[in-house]
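In what follows, a structure is listed as structure tokens, so that the remarks can point back to it.
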2 protein chains.
Amino acid sequence: MREQIRPTVPPVRVGNVFEETMERLVRSIRLGQFPPGSRLPSERDLAEELRVSRTTLREALAELKASSYVTVRRGRYGGSYVADALPHRPAAPLDADEVSDILTLRRILEPAAAELAAERGPTGPQREELWSLHVELTECSVGQYRPLDSRLHLRIAELSGTPSLLAAVADTRARVNSLLDRIPLLPTNLDHANAQHTEVVVAILDGDPAAARAAMLDHLDGTAALLRGFLG
Amino acid sequence: MREQIRPTVPPVRVGNVFEETMERLVRSIRLGQFPPGSRLPSERDLAEELRVSRTTLREALAELKASSYVTVRRGRYGGSYVADALPHRPAAPLDADEVSDILTLRRILEPAAAELAAERGPTGPQREELWSLHVELTECSVGQYRPLDSRLHLRIAELSGTPSLLAAVADTRARVNSLLDRIPLLPTNLDHANAQHTEVVVAILDGDPAAARAAMLDHLDGTAALLRGFLG
DNA sequence: AATCATTGGATCAGTTGTAGACCATTGACT
DNA sequence: AGTCAATGGTCTACAACTGATCCAATGATT
């Protein structure tokens, strides 16, 4: 008789509400969803979006403030403002299996997203925004590169017109970011990445799905090689 | 000045713990992770896996029992047993955007999973199990088809050797299932699907990635057309 | 027939998270 | 200079969830 194989059922909840909330916020900031210098929604609004009590949200915000992710100002027109340069994270050791897992999934998702974005063809304002995001990325300071890079990639995924794909890309990108935090950010690589971004963006604007996919694949394999290199 | 576009931050938690637990169990059962007739882990074990108190888990199980997903027996060697034929779900109206969203993502993930599975090449026991799952599917009763079908697809995703991909496939498959629950299960389609499954499985066993991807794509587009047809 | 480990069933004190009201502060606007 | 709406800061009563203990039932094993 065949041995009964039962994949484990993943936990309903990881950590408590406070921890999850905290993680969500850090993630959103590192993904460039709230770019450096921008303002978070008011506590009341954010709590509602996250479906969390304001009390709990405030605990998380206090933690973010303590780790200097944000600065908080009171009064009307006050709020929580994202720091201009994000704090460094404690570097955990790289696990080869995890690296391979993340990179494999990303290699499936992002080229498909770029391809779909090119197929759909962005509207006028979307075209301008996509290009300006790219330009902003080439001009920003090194300390702001990662979140703005993520923001560009997420915007492309959004242009695929497939919300679930965007969510999946955001998930993997958050994980990739935590890997990238463990290796240095070299100017040479940035130039290379910027050139590749140009290719991807142009292909999307040209409505050339195959080129968009190919350029994205090329781009991803670049950083993938970089990451694998740091595994020894 | 460019209008500030801020994608919404998804909720930290959807529903309360009870509802989430309940949903997880229903999902696992409908995905064939606990096939018809099989036994769930003991309440203590399940609660631990789901990271939920036994109290809450029991509330969810009580609900499952009430909707005749499971039958419960007391005493040693007792436990919760999955029903032989799963209950029908209330049919919500099909939303065209949601259908397209799910099908698009699935079309990205599952062919990639099949391709990777073929590339890797299953080990001896895995080969036998994969084939026997397929055979089981061709021989089962109509009431058991959906969960066993899902189980086969998940097993293929698992053979990709990429845990995150498996998780993503499971997610989309759960959503596809909820769509499929709204359209009838025609014997003609089943025969067709079984033939396509054969192609996919054979390609994987042959270690032919391109064929595996192509066969899976073909298979998915079949049911996709079916679903789109029911949108009018 | 008796044993007993394992399972579901029930209860309760303690902790975590929520909802809402209210206060304190700020700065654009009049 | 004064107003006031929106924001962060604080507190409290309430609900949800936990974890721990104990009870009741079952059936393979002896």
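Chain letters run A, B, ... following the sequence lines, proteins first, then strands; residues in each count from 1. What you see is a predicted model; the values in this text were computed from it and never measured.
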Candidate nucleotides dA28(C), dA10(C), dG27(D), ranked by approach to the side chain of Arg76(B) - the nearest:
dG27(D)
Between C1' of dG17(C) and CE of Met22(A), the distance in whole Å
18 Å
Any N or O donor-acceptor pair linking the side chain of Arg73(A) to the base of dG27(C) at under 3.5 Å?
no
Between the side chains of Arg73(A) and Ser80(A), is a donor N or O closer than 3.5 angstrom to an acceptor N or O?
no
Return whichever of Val52(A) or Gly75(A) has its heavy-atom-nearest nucleotide of DNA chain C closer to the 5' end.
Val52(A)
Carboxylate-amine/guanidinium contact Arg13(B) Glu20(B), below 4.0 Å:
no
In whole angstroms, the gap separating P of dT15(C) from CZ of Phe18(A) amounts to 19 Å
Side chain of Arg74(A) - closest among dG20(C), dT21(D), dG9(D)
dG9(D)
Verdict with supporting geometry, Tyr69(A) and Arg30(A), side chain to side chain donor-acceptor pair (under 3.5 Å)
CA-CA 10 Å; Tyr69(A) 271 99; Arg30(A) 299 202 92 100; 2.5 Å; yes
If you measure from the Lys or Arg side-chain nitrogens to the Asp or Glu carboxylate oxygens, is any gap between Arg173(A) and Glu110(A) under 4.0 Å?
yes
N-O pairing of Asp171(B) and Arg106(B) below 4.0 Å:
no
What's the CG-P distance between Leu61(A) and dG8(D), to the nearest Å?
8 Å
Give the rounded distance in Å between these two atoms: CD of Glu59(A) and C1' of dG8(D).
15 Å
Does Ser53(B) or Arg44(B) map to a spot on DNA chain D nearer the 5' end, using the closest nucleotide for each?
Ser53(B)
For Thr56(B) and dT18(D), is the shortest distance between a side-chain N/O and OP1 or OP2 below 4.0 Å?
yes
Give a yes or no on whether a donor-acceptor pair under 3.5 Å exists between the nucleobase atoms of dG8(D), that is its base, and the side chain of Ser42(A).
no
Measure from CG on Asp45(A) to P on dT7(D) and round the result to the nearest Å.
7 Å
In whole Å, what is the span from the NZ atom of Lys65(A) to the P atom of dG8(D)?
11 Å
Closest approach to the side chain of Glu43(B), judged atom by atom: which nucleotide of dA20(D), dG8(C), dT16(C) is it?
dG8(C)
For atom CG of Asn16(B) and atom C1' of dT18(C), their distance in whole Å
12 Å
Quickly work out the Leu50(A) CG to dA19(C) P distance and round it to whole Å.
13 Å
Result for 5'-nearest mapping on DNA chain D, choosing between Tyr77(B) and Arg58(A), is Arg58(A)
Arg39(B) side chain: which of dT18(D), dT7(C), dC11(D) is closest?
dT7(C)
